[in-house]
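So you know, we letter chains A, B, ... as the sequences are listed, proteins then strands, and number each from 1. All values derive from a computational prediction rather than experimental measurement.
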There are 2 protein chains.
Amino acid sequence: MGIKRIAKLANVSIGTVDRVLHKRSGVAKETEKRVLKIIEETGYVKNTSASRLKLASVKKIRMAVLIPRENNTQQWNYWRLPKEGILKAVEELSEMGVEVDFYSFLNSTSFAARGHEIFAEDYDALVTVPFFKKESNELQQLAKAKDIPVVFLDTEIALDGPANFIRQNSHNAGRVAGRLLHGLVGSEGDYFIVNIINDKGVHASGQQREDGFRAFFKSINQKVSIQSIQHAVDVAPVFVGEMIEKLKKDAPKGIFVTNSRAHLIPRLLMSHDVRNAFVVGFDLNERNLMCLQRDEIDFLINQKPDYQGYAAIKGLFNFLTKEDASALNLQIPVEIIVKENAPQF
Amino acid sequence: MGIKRIAKLANVSIGTVDRVLHKRSGVAKETEKRVLKIIEETGYVKNTSASRLKLASVKKIRMAVLIPRENNTQQWNYWRLPKEGILKAVEELSEMGVEVDFYSFLNSTSFAARGHEIFAEDYDALVTVPFFKKESNELQQLAKAKDIPVVFLDTEIALDGPANFIRQNSHNAGRVAGRLLHGLVGSEGDYFIVNIINDKGVHASGQQREDGFRAFFKSINQKVSIQSIQHAVDVAPVFVGEMIEKLKKDAPKGIFVTNSRAHLIPRLLMSHDVRNAFVVGFDLNERNLMCLQRDEIDFLINQKPDYQGYAAIKGLFNFLTKEDASALNLQIPVEIIVKENAPQF
DNA sequence: AATTATTCCGTTAACGTTAACGTTATCTAA
DNA sequence: TTAGATAACGTTAACGTTAACGGAATAATT
């Protein structure tokens with residue numbers, strides 16, 4: 001038994017124990033000490049199910065989720081994945097009285113606007129994405145002032161103060177990519193980094209992945225040729241100038257695409273009649289997986305976006321109900337996918 | 001609201017609804033139909049927390065776990081990992097009144113003996129390992145007769161009837177290993193499969209991993225030289241005869257260790273002054289991870305034994321409380337580990 | 001001195017589910 | 001006919017936690 005046993009041992013009623021546990025007023029200092037001592041000694045832990053059973057109907061836990069709008073123009077919606085993870089977590093926690101509302105943004109302006117709307121309502125927690133540094137810092141400040149926990153997903157970016165992040169270490173992911181490509185290409189080949197620039201907000205992860213990639217080669221003391229290509233989104237990357245020359249050489253080539261569009265590369269390689277090239281990219285979208293099946297992409301790196309969403313909700317729930325903040329900051333492992341361990345769809 | 005609303009809509013008391021939900025006697029066929037119809041229409045789902053809140057003190061859920069004894073002689077205990085996962089799940093479910101007892105075995109005889117002891121008690125579920133085909137089949141039969149769900153972890157083996165497995169597909173893991181080694185070695189090298197034979201019970205997974213490895217090279221239409229080495233446990237493997245010759249050749253070499261002892265290989269290679277050899281093995285034990293850090297092992301494949309244990313307990317709980325069997329059969333993904341994404345310890 | 005606040009604490013009704021226990025009404029056997 | 005059996009259903013206390021409510025004792029104010 002829980003609170004009842006504590007009450008008996010402390011010679012008080014369960015009401016008083018409850019007051020102590022919730023730090024509410026109306027308890028004499030002496031009594032509080034006595035109760036706290038017994039709570040300590042017995043190692044009492046609150047039964048969250050019982051607590052939520054009562055509160056599920058009276059005091060719901062409301063969370064807001066602010067993520068980019070799903071664009072229907074493209075067949076692959078990255079942001080549907082964290083959403084699915086979130087919905088799975090909410091389903092599991094629905095009998096505990098947990099609800100979420102989804103908000104979406106298109107740019108930094110609407111991000112800030114939705115953020116303020118969210119804080120106008122009284123949510124208990126917020127899950128979002130640190131796409132825009134300035135606006136994310138503002139949001140974090142607002143949340144801190146209102147004592148509302150925020151979890152930032154997906155994007156690797158440094159904010160001013162302390163904050164909760166559930167995401168992959170992009171630098172590390174880049175190093176893994178370096179390891180994988182180097183294994184295939186060796187020290188005698190040419191390396192290319194294809195960095196597709198996003199118009200809406202800097203995708204800082206791209207730069208970090210590139211840094212990590214280069215750091216890997218430093219770590220093994222290999223001086224290889226690594227060339228970066230910046231390219232605008234929504235246009236297939238092109239190889240220009242001396243790159244074409246290098247691509248036409250016999251030496252093996254390694255191409256590291258720092259975002260989810262590695263699937264654009266194989267066609268390009270074929271049009272330049274490049275063979276002996278290896279490709280590593282990010283994210284398990286259909287096109288990438290197709291290329292993997294056709295041996296046109298060699299490795300994909302997954303950042304488990306669905307799990308990120310799932311973990312954020314679960315972590316926030318544990319924080320709000322058990323003041324256990326241990327799951328609010330997670331490093332998502334760098335998952336390596338090849339044809340043989342790829343999920344079938 | 002749940003049962004109460006159903007009762008009101010069906011013009012019966014909550015007691016009757018409860019009887020219908022639990023298929024207990026004492027309900028007229030007419031009434032039962034009416035209640036079932038409303039349950040269907042409203043999409044009622046039972047509040048498991050509330051249910052377990054009541055039952056946690058009256059009707060505990062008791063699970064038995066039967067896994068190999070941890071051998072203290074070796075510094076690395078594989079079986080501690082599923083155990084840790086199990087304990088984590090039990091902690092999460094303790095407020096739901098879930099308890100587990102651990103049993104351990106040394107050989108097929110003690111496996112069968114412990115199994116019978118377990119079925120003499122009245123456990124609600126069993127988690128074990130299908131090490132021994134005959135005895136595992138007997139256990140499964142016993143469980144079926146008593147209507148007690150069993151989950152088999154870890155080992156890839158086929159049982160006679162249908163059964164629940166949470167484990168990695170070893171054949172697939174072998175194919176992944178083939179892909180990884182081939183990427184490093186290429187078609188011009190020699191491949192070796194080191195298969196360490198366990199005295200206590202056939203470790204069927206080893207053979208399947210080997211088959212998968214060979215199947216990979218078939219799938220890419222590459223005829224490469226692959227040589228198998230069988231070796232007894234607790235003795236460092238030795239290379240004999242023509243292998244030594246091949247090892248001394250300049251061609252790159254790929255070594256696939258089908259179990260967790262890949263860490264034995266590097267020393268051996270050094271003693272034969274073999275360079276240009278790549279090693280892939282299984283499991284994240286300290287020695288393997290050390291070799292990974294030293295670039296003596298190139299890839300490790302993880303089968304997440306801790307997660308297997310965790311998932312088994314959670315899956316059984318969901319089956320027993322929500323008759324949701326969806327998590328009793330899981331394919332553990334083939335996790336690829338390199339130096340850069342290895343867990344630090 | 002009488003009234004009003006304030007402090008401190010106990011009591012209690014819920015939350016949704018379960019199962020034992022009661023209570024009818026109908027039916028069977030003496 | 002009546003006692004006893006049975007079928008069908010309602011009532012209720014409990015699980016652990018929460019928070020509103022109320023009450024007694026003391027302190028502060030008129």
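- Residues E95(A) and K46(B) are not paired through a salt bridge, judged by the lack of any N-O separation under 4.0 Å between the basic side chain and the carboxylate.
- Residue-level contact check: V12(A) touches the backbone only, with heavy atoms under 4.0 Å from sugar-phosphate atoms and none from bases.
- Take the nearest nucleotide of DNA chain C for G15(B) and for R19(A): the residue whose nucleotide is more 5' is R19(A).
- Rounded to whole Å, the distance from NZ on K322(B) to C1' on dG16(C) is 14 Å.
- For I3(A), the side-chain atoms get nearest to dT18(D) when compared with the rest of dC9(C), dT18(D), dA19(C).
- Atom C1' of nucleotide dT18(D) and atom CD1 of I14(A) are separated by 9 Å, given to the nearest angstrom.
- Near DNA chain D, meaning a heavy atom under 4.0 Å from it, residues 32-54 of chain B has L53(B), K54(B) in order of number.
- Ionic pairing of R80(B) and E84(B) is present here: one or more N-O contacts between side-chain nitrogen and carboxylate oxygen are shorter than 4.0 angstrom.
- As rounded to whole Å, 16 Å separates atom P of dA7(D) from atom CZ of R24(B).
- Q140(A) and P162(A) get closest at one heavy-atom pair: NE2-O, 3.4 Å.
- Salt-bridge formation is detected for the pair R114(A)/E117(A): a Lys NZ or Arg NE/NH1/NH2 atom is positioned less than 4.0 Å from an Asp or Glu carboxylate oxygen.
- Counting any heavy atom pair closer than 4.0 Å across all strands shown, A28(B) reaches sugar-phosphate atoms only and no base atom.
- Among dA19(D), dG10(D), dG10(C), the nucleotide with an atom closest to any side-chain atom of S13(A) is dG10(C).
- Remark: E32(A) does not engage K29(A) in a salt bridge, criterion side-chain N to carboxylate O under 4.0 Å.
- Side-chain atoms of E92(B) and Y310(B) include a donor-acceptor pair closer than 3.5 Å.
- When each of dT18(C), dT18(D), dC9(C) is scored by its nearest atom to the side-chain atoms of L55(B), the top-ranked nucleotide is dT18(C).
- Across dA19(D), dA19(C), dC9(C), the shortest atom-to-atom separation from the side chain of D18(A) is found for dA19(D).
- Residue K29(B) is the one, among K29(B) and G2(A), whose nearest nucleotide of DNA chain D lies closer to the 5' end (criterion: closest heavy atom).
- Separating the NZ atom of K23(B) from the P atom of dA19(C) is a distance of 14 Å, rounded to the nearest angstrom.
- In this structure, L21(B) atom CG and dT18(C) atom P are separated by 7 Å, rounded to whole Å.
- When rounded to the nearest whole Å, the span between CG of N11(A) and C1' of dC8(C) equals 16 Å.
- Between the C1' atom of dT17(C) and the CD atom of E95(A) lies a distance of 11 Å, rounded to the nearest Å.
- The pair R62(B)-D122(B) counts as a salt bridge, with a side-chain nitrogen and a carboxylate oxygen less than 4.0 angstrom apart.
- Rounded to an integer number of Å, the gap from M96(B) CE to dT18(C) C1' is 15 Å.
- Side-chain nitrogen and oxygen atoms of T31(A) include at least one within less than 4.0 Å of the OP1 or OP2 phosphate oxygen of dC9(C).
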